[in-house]
Amino acid sequence: MDTMAENTPGDMSEAQFLTIAEVASKMRVSKMTVYRLVHGGELPAVRVGRSFRVTEDDVNEYLRKSFYNAG
């Protein structure tokens with residue numbers, strides 16, 4: 001049985017990766033804020049060479065969990 005061909009939750013073949021600048025733009029924060037989130041472990045990221053990539057799903061999940069209802 002070939003486990004590599006199965007579509008598991010850890011499968012990144014369908015993931016849409018964003019740069020730190022793209023994440024910052026999407027979240028409307030500075031790049032430094034995104035770096036702090038990544039280095040602090042609050043936002044999962046993949047290191048590619050000297051740069052980081054964050055999946056769009058992880059950004060959306062972070063925003064969903066961080067949503068604050070002021071009402």
Side-chain angles (χ1 to χ4, degrees):
M1 184 168 149
D2 185 8
T3 57
M4 295 297 282
E6 292 177 15
N7 197 4
T8 61
D11 183 11
M12 301 305 275
S13 63
E14 299 296 318
Q16 177 68 40
F17 286 96
L18 303 173
T19 64
I20 295 296
E22 289 169 332
V23 173
S25 176
K26 181 176 179 121
M27 293 175 64
R28 301 211 188 274
V29 297
S30 72
K31 290 191 294 185
M32 187 53 65
T33 299
V34 178
Y35 279 116
R36 281 191 201 107
L37 292 172
V38 168
H39 288 293
E42 296 179 65
L43 185 62
V46 175
R47 188 162 202 151
V48 181
R50 294 188 61 196
S51 60
F52 290 95
R53 296 294 182 269
V54 181
T55 66
E56 197 166 25
D57 287 345
D58 285 335
V59 173
N60 292 334
E61 178 69 9
Y62 174 81
L63 291 172
R64 187 188 64 74
K65 286 195 290 190
S66 300
F67 187 79
Y68 175 75
N69 189 353

request  = Nearest 0.5 Å please: distance from the CZ atom of Arg53 over to the CG atom of Asp58.
outcome  = 14.5 Å

note = Rounded to the nearest 0.5 angstrom, the CG-CE distance for Leu37 and Met32 is 11.5 Å

query = Measuring from Glu61:CD to Leu43:CG, what's the distance to the nearest 0.5 Å?
reply = 11.0 Å

task = Kindly give the heavy-atom pair with the smallest separation between Lys31 and Ile20, and that separation in Å.
result = O-CG2, 3.9 Å

query = Is it true that Tyr35 and Val29 fall in one hydrophobic cluster, defined by side-chain heavy atoms closer than 4.5 Å?
reply = yes

ask   = Same cluster or not: are Met27 and Phe52 linked, directly or through other Ile, Leu, Val, Met, Phe, Trp or Tyr residues, by side-chain heavy atoms under 4.5 angstrom apart?
value = yes

Contact summary for Val38 and Ala45, nearest pair of heavy atoms = CG1-CB, 3.6 Å

ask   = Can you list the residues that meet the ring-ring contact (aromatic ring centres under 6.0 Å, His included) rule with Tyr62, with sequence neighbours excluded?
value = none

task = Would you please test Lys26 and Glu56 for side-chain contact (heavy atoms from CB on, under 4.5 Å) and show each step?
result = CA-CA 10 Å; Lys26 181 176 179 121; Glu56 197 166 25; 3.2 Å; yes

Heavy-atom pair of closest approach, residues Thr55 and Ala15 = CG2-CB, 3.9 Å

inquiry  = Nearest 0.5 Å, please: how far is CG in Asp57 from CD in Glu14?
reply    = 10.5 Å

